[in-house]
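Numbered from 1 within each chain, the chains take letters A, B, ... in sequence-line order. Heavy-atom basis, side chains included; hydrogens, waters and symmetry copies ignored.
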Amino acid sequence: MAGKLKLYYFDGRGKMESIRWLLAAAGVEFEEEFLETQEQYEKLLQGGSLLFQQVPMVEVDGMKMVQTRAILSYIAAKYNLYGKDLKERALIDMYVGGTDDLMGFILMFPFLSAEDKEKQRAVIVQKATSWYFPAYEKVLKDHGQDFLVGNNFSWADVHLLEAILMVEEKKSDVLSGFPQLQAFKARISSIPTIKKFLEPGSQRKPVPDDKYVETVRRVLRMYYDIKAN
Amino acid sequence: MSGKPRLTYCNGRGRMEPVRWLLAAAGVEFEEVFLETREQYEKLIKDGVLMFQQVPLVEIDGMKMVQTRAILSYIAGKYNLYGKDLKERALIDMYVEGITDLMQMILVFPFSPPEAKEKNLDSIKDRAINRYFPVFEKVLKHGQDFLVGNKFSWADVQLIEAILAVEEKIPAVLSGFPQLQAFKVRMSNMPAIKKFLQPGSPRKPPPDECYIETVLKIFKK
């Protein structure tokens with residue numbers, strides 16, 4: 001039985017992408033099993049592998065972990081990306097909570113109608129530039145350090161870079177007006193493990209397309225439409 | 001300036017209620033500031049105390065903490081309610097996250113339009129009975145008093161809160177779950193929780209029309 005981590009999800013970003021980012025940043029290799037059919041999903045369900053009947057699911061250290069945040073916290077702690085004490089962990093948790101909320105606006109974007117997509121794009125950009133980016137810009141400006149917390153690379157940095165890139169995909173010049181974040185983006189992108197993850201051929205998944213949406217709907221039998229925020 | 005944590009939120013459950021539960025379960029006294037007007041909220045934003053312009057806000061140990069999960073994790077870690085090692089913490093996190101998903105349905109329920117309420121209530125019942133409660137019923141078959149590591153933890157507090165919240169909507173929801181029934185009795189009798197369940201504690205009542213009105217007034221976009 002390999003000690004390797006194994007990820008169970010669709011062949012696309014969704015809720016699993018932050019986990020791929022964090023593992024990659026930590027330099028940890030992982031395998032992936034992609035859900036393509038209802039039958040695969042039902043098999044996982046019947047095998048009792050999905051505690052709350054949901055993916056993501058990650059097999060790690062003998063556990064079948066579910067719940068994205070639980071998985072991310074475990075990986076962060078295991079690979080020393082969670083600060084040096086309780087207070088640093090609190091800061092990291094706060095910052096990750098913010099970027100999580102921001103990426104949450106983007107998560108269901110692919111499932112929206114064309115008209116709702118335009119509305120949601122505006123919402124994403126507005127939230128990013130008025131609620132979230134200013135908060136991180138200020139953190140970086142106030143301490144002048146390379147990383148968000150404790151002058152040390154952490155989960156918070158990985159998550160923020162992921163969020164920045166995702167918002168930029170919706171509006172390419174969204175970082176104008178945020179010089180600290182521009183510098184941060186350049187710095188973190190050039191960290192060797194992250195640089196590797198950003199190159200073609202890595203396990204990073206592309207922007208979700210219609211095929212991805214179709215797969216998710218088919219596997220989960222999603223007959224209902226999702227509305228924008 | 002007291003050393004007590006200070007909670008800023010509306011005078012009602014919402015996203016702050018799990019924080020009240022956890023502090024109470026840990027035997028920690030706290031102060032509360034209640035948002036009643038939009039002006040109060042705008043002043044908080046202007047003063048720069050809300051990192052993402054949102055409440056809950058908990059001032060604790062010199063930090064102005066926002067993001068409910070971050071706040072709860074900090075409290076759990078500080079008061080030894082987070083397991084003894086990384087693996088126990090992973091279990092607690094998984095259980096808490098699952099319960100939070102169920103509680104989220106209850107959180108938004110008061111704000112759903114009248115025509116959707118019956119459908120939403122059915123969803124809550126379906127999820128509780130078919131997805132979440134069976135998991136914890138099964139976990140408790142290990143025969144221990146608590147969910148994780150034979151020790152009282154954040155996961156137990158979150159579960160008792162959720163059980164009581166669901167029961168308020170669906171009174172007979174625990175029939176068919178004998179382990180959970182026993183768990184509910186056990187948790188309710190723990191001194192700190194028993195105290196929190198008595199009148200006069202900081203526990204907030206279920207949301208009513210007045211609470212909903214206040215929230216909409218303060219946060220309307």
Side-chain angles (χ1 to χ4, degrees), chain A residues 15 45 48 50-54 56-58 60-80 82-83 85-102 123 126-128 130-139 142 156 224 229, chain B residues 15 45 48-54 56-58 60-80 82-83 85-102 116 119 123 126-128 130-136 138-139 155 221:
Chain A
K15 285 188 184 285
L45 280 174
L50 306 180
L51 188 66
F52 301 115
Q53 303 161 9
Q54 296 164 315
M57 191 268 279
V58 173
V60 56
D61 295 341
M63 300 183 286
K64 287 178 166 40
M65 284 197 75
V66 297
Q67 291 292 340
T68 314
R69 190 64 79 79
I71 296 165
L72 288 166
S73 293
Y74 181 76
I75 294 167
K78 182 176 166 153
Y79 296 103
N80 291 313
Y82 219 164
D85 57 29
L86 214 54
K87 280 200 170 181
E88 285 195 355
R89 209 166 88 201
L91 281 178
I92 291 167
D93 278 338
M94 269 204 292
Y95 297 168
V96 159
T99 39
D100 201 38
D101 285 347
L102 176 56
V123 168
Q126 194 258 338
K127 293 270 162 167
S130 55
W131 277 22
Y132 296 101
F133 287 172
Y136 300 103
E137 180 82 3
K138 181 172 194 287
V139 168
D142 285 352
Y224 50 92
N229 287 104
Chain B
R15 292 189 183 280
I45 293 180
V49 298
L50 303 179
M51 183 172 183
F52 304 114
Q53 299 173 31
Q54 296 166 315
L57 166 69
V58 173
I60 183 171
D61 296 340
M63 298 183 287
K64 291 178 167 38
M65 286 199 74
V66 297
Q67 290 288 328
T68 313
R69 215 190 259 102
I71 294 164
L72 289 166
S73 292
Y74 180 74
I75 294 167
K78 180 173 172 168
Y79 295 103
N80 291 313
Y82 220 162
D85 57 28
L86 216 52
K87 282 203 169 178
E88 285 195 354
R89 211 165 87 199
L91 277 179
I92 291 168
D93 277 340
M94 277 201 283
Y95 296 164
V96 160
E97 290 295 302
I99 297 164
T100 301
D101 284 348
L102 176 61
K119 179 164 150 282
S123 290
D126 173 60
R127 283 289 151 93
N130 295 316
R131 178 173 288 186
Y132 296 106
F133 287 175
V135 169
F136 301 107
K138 183 168 184 241
V139 168
K221 292 178 193 138

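- For a residue to count as touching a neighbouring chain, one of its non-hydrogen atoms must lie under 4.5 Å from one of that chain's; by this rule M63(B) touches chain A with the side chain only.
- Residues M94(A) and A70(B) come closest through the heavy atom pair N-CB, 3.6 Å.
- How far CG of L51(A) is from CZ of F136(B): 7.0 Å, rounded to the nearest 0.5 Å.
- Heavy-atom distances place the side chain of Y82(A), and not its backbone, under 4.5 Å from chain B.
- Contacts between V96(A) and chain B at a heavy-atom distance below 4.5 Å are absent for every atom of the residue.
- Within 6.0 Å of NZ in K78(B) there are more than 12 heavy atoms belonging to other residues, nucleotides or ligands.
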* Take M51(B) and V139(A) through the test side-chain contact (heavy atoms from CB on, under 4.5 Å) and record every step on the way to the result. => CA-CA 10 Å; M51(B) 183 172 183; V139(A) 168; 3.9 Å; yes

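- Heavy-atom minimum distance, M94(B) versus K64(A): SD-O, 4.2 Å.
- For R69(B), the part sitting under 4.5 Å from any heavy atom of chain A is the side chain, from C-beta outward, and nothing else.
- With a 4.5 Å cut-off on non-hydrogen atoms, M63(A) touches chain B through its side chain but not through its backbone.
- The six-membered or imidazole ring of Y95(A) lies away from that of F52(B), with a centre-to-centre distance of 6.0 Å or more.
- For chain B, no part of K138(A) is nearby; none of its heavy atoms comes within less than 4.5 Å.
- Between chain B and the options S130(A), G97(A), S73(A), P134(A), the largest number of non-hydrogen pairs under 4.5 Å is found for G97(A).
- With rounding to the nearest 0.5 angstrom, the CG atom of L86(A) is 10.5 Å from the CD1 atom of I75(B).
- Both the backbone and the side chain of V66(B) come within contact range of chain A, judged by heavy atoms closer than 4.5 Å.
- Neither the backbone nor the side chain of K138(B) comes within less than 4.5 Å of any heavy atom of chain A.
- Rounded to the nearest 0.5 Å, atoms NZ (K87(A)) and CE (M65(B)) are 10.5 Å apart.
- For D101(B) against Q67(A), the heavy-atom pair with the smallest separation is OD2-NE2, 3.2 Å.
- Taking all atoms of both residues into account, the shortest heavy-atom contact from Q54(B) to D101(A) is OE1-OD2, 4.1 Å.
- A 4.5 Å side-chain heavy-atom check between V135(B) and F52(A) finds at least one atom pair inside the cut-off.
- For N130(B), the part lying near chain A is the backbone, with the side chain staying farther off; criterion is any non-hydrogen pair under 4.5 Å.
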